[in-house]
Amino acid sequence: MNTVTAVRDRILQLCAERGISINRLASLSALPPSSLKNILYGKSQNPKILTIKLLCDGLGITLGEFFSTPKFDALEQELQ
């Protein structure tokens, strides 16, 4: 699994846990829905940390909470 996939999976997991839609998360995060959908559908291969921070703000969590999962801990180095 790569980092982009881990970010996408984490966003979907957090939305499912809270019972909110992608559009609702975009609204809570003050992001255009298209920006969030670009991350989720793989069009954005390098989401900015500021975008992830806005998502965290909308979800009411910290960046640390967002990234503190076994999936992120298990990511292998992406440099070849």
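Values below: all heavy atoms of this structure, side chains included; hydrogens, waters and symmetry mates excluded.
Here CG of Leu31 is found 6.0 Å from OG1 of Thr51. Values are rounded to the nearest 0.5 Å. With rounding to the nearest 0.5 angstrom, the CE atom of Met1 is 7.5 Å from the CZ atom of Arg8. Distance check, rounded to the nearest 0.5 Å: CZ of Phe67 to CD1 of Ile49 gives 4.5 Å. Thr62 OG1 to Asp57 CG: the interatomic distance, rounded to the nearest 0.5 Å, is 10.0 Å. With rounding to the nearest 0.5 Å, the separation of CD1 in Ile39 from CD1 in Ile11 is 5.0 Å. Atoms CD and CZ, on Glu65 and Arg10 in that order, are 8.5 Å from each other to the nearest 0.5 Å.
In Glu76, the CD atom is not crowded: 12 or fewer heavy atoms of neighbouring residues, nucleotides or ligands sit closer than 6.0 Å.
Considering every non-hydrogen atom in both Ala26 and Pro33, the closest pair reads CB-CA, 3.7 Å.
Every residue meeting the side-chain contact (heavy atoms from CB on, under 4.5 Å) condition with Gln45, not counting sequence neighbours, appears here in chain and number order: Val4. Scored by the side-chain contact (heavy atoms from CB on, under 4.5 Å) test, Leu28 finds Ile20, Arg24 as partners (sequence neighbours excluded).
Contact check for Phe66 versus Leu55: no side-chain heavy atoms found under the 4.5 Å cut-off.
Judged purely by distance below 3.5 Å, without hydrogens or angles, the side chains of Asn2 and Thr5 pair a donor atom with an acceptor atom.
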If you apply the rule side chain to side chain contact (heavy atoms under 4.5 Å, CB included), what do you find for Cys15 with Ile22, and how did you get there? CA-CA 7 Å; Cys15 284; Ile22 298 306; 4.0 Å; yes

